[in-house]
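Let me begin by presenting the structure, written as C-alpha cells, before commenting on it.
We're numbering straight along the sequence, starting at 1.
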Amino acid sequence: MDNWLTICKSEDIAPNTGVCAKVGDNQVAIFLSSRTNSVHAIANFDPFGKANVLSRGIIGTINDRLCVASPLYKQHFDLHTGECLEQPEIQLHTYQVRISQGSIEIKQ
C-alpha cells in the first residue's frame with residue numbers, strides 16, 4: 001500500500017520556488033518548476049554550509065539538468081538525482097513527490 005503525505009496545495013508554492021516540509025524526522029525541500037511543469041523533493045540540508053537551507057535556493061538548469069543552487073556557497077544539486085554538479089561524489093537524498101487532485105504529496 002502506498003503511503004502519501006499531503007504537504008500543501010500546489011497553488012501554495014509560487015512557481016520556480018521551494019518550500020520546506022518536515023517529513024518524519026527529516027526536513028525536505030520541495031520545488032515546483034514551471035519550466036518542466038513538475039514537482040521535486042530533495043533533502044533540505046546543505047552538506048557544504050551545514051544548514052537546512054536548500055528550499056530557499058534558486059532553481060534553474062545547467063546543461064539541461066534541472067537543479068537548485070544553494071543560497072550559501074552556491075553549489076548546484078540536481079533535482080532528479082540529488083547529485084552535486086560540482087562534486088558528484090556528494091549526493092542528497094531524493095523523495096518521491098507528486099501532485100494529486102491539486103495537492104502536493106510526498107511518499108513516506
Side-chain angles (χ1 to χ4, degrees):
M1 178 179 190
D2 289 338
N3 193 15
W4 292 89
L5 173 67
T6 299
I7 301 298
C8 62
K9 294 288 185 191
S10 58
E11 69 250 16
D12 293 339
I13 302 178
N16 302 314
T17 64
V19 297
C20 180
K22 190 163 184 189
V23 179
D25 292 332
N26 301 308
Q27 287 191 29
V28 179
I30 301 169
F31 299 94
L32 182 61
S33 171
S34 64
R35 179 177 297 172
T36 60
N37 196 29
S38 58
V39 63
H40 304 274
I42 61 172
N44 194 42
F45 186 75
D46 177 346
F48 298 96
K50 306 282 190 237
N52 287 300
V53 296
L54 292 178
S55 63
R56 298 182 195 161
I58 297 172
I59 65 171
T61 56
I62 295 178
N63 298 327
D64 295 326
R65 292 176 77 177
L66 185 63
C67 58
V68 62
S70 170
L72 296 177
Y73 297 114
K74 312 305 183 229
Q75 283 86 2
H76 299 89
F77 296 93
D78 186 304
L79 290 178
H80 294 283
T81 66
E83 176 185 16
C84 176
L85 301 187
E86 291 79 14
Q87 290 185 253
E89 67 275 9
I90 304 295
Q91 184 106 16
L92 299 179
H93 186 75
T94 60
Y95 296 83
Q96 286 185 327
V97 65
R98 69 183 182 187
I99 298 176
S100 177
Q101 299 179 349
S103 293
I104 294 177
E105 299 176 339
I106 192 164
K107 191 168 186 181
Q108 297 188 79

Below 4.5 Å, heavy atoms only, C-beta onward: do [X] and [Y] meet side chain to side chain?
X	Y	value
Asp12	Ile7	no
Trp4	Gln96	yes
Val39	Ser10	no
Phe77	Cys67	no
Val28	Asn44	no

Identify the heavy atoms of Thr94 and Gly82 that sit nearest to each other, and give their distance. CG2-N, 3.5 Å
List the atom of Ser34, the atom of Pro15, and the distance in Å for their closest heavy-atom pair.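 Closest pair (atom of Ser34, atom of Pro15, distance): CB-CB, 3.9 Å.
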Nearest-0.5 Å distance, CG of residue Asn37 to CG of residue Leu32: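 Interatomic distance, Asn37 CG to Leu32 CG, rounded to 0.5 Å: 7.5 Å.
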Rounded to the nearest 0.5 Å, the OG atom of Ser38 sits from the CG atom of Leu79 at a distance of 8.0 Å
Atom [atom1] of [X] with >12 non-hydrogen neighbours under 6.0 angstrom:
X	atom1	value
Arg56	CZ	no
Ile58	CD1	no
Arg98	CZ	yes

Between Thr81 and Arg65, is a side-chain contact (heavy atoms from CB on, under 4.5 Å) present by the stated rule, with each step listed? CA-CA 10 Å; Thr81 66; Arg65 292 176 77 177; 4.0 Å; yes
Does [X] share a hydrophobic cluster with [Y], counting links as ILVMFWY side-chain heavy atoms below 4.5 Å and allowing steps through other members?
X	Y	result
Leu54	Val19	no
Val53	Ile42	yes
Ile13	Tyr95	yes
Leu92	Ile62	no

Within the side chain of Gln75, is there an N or O that forms a donor-acceptor pair under 3.5 Å with the backbone of Leu85?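 No; zero donor-acceptor contacts below 3.5 Å.
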Test side-chain contact (heavy atoms from CB on, under 4.5 Å) on Asn52 and Cys20; report intermediate values, then the result. CA-CA 9 Å; Asn52 287 300; Cys20 180; 5.9 Å; no
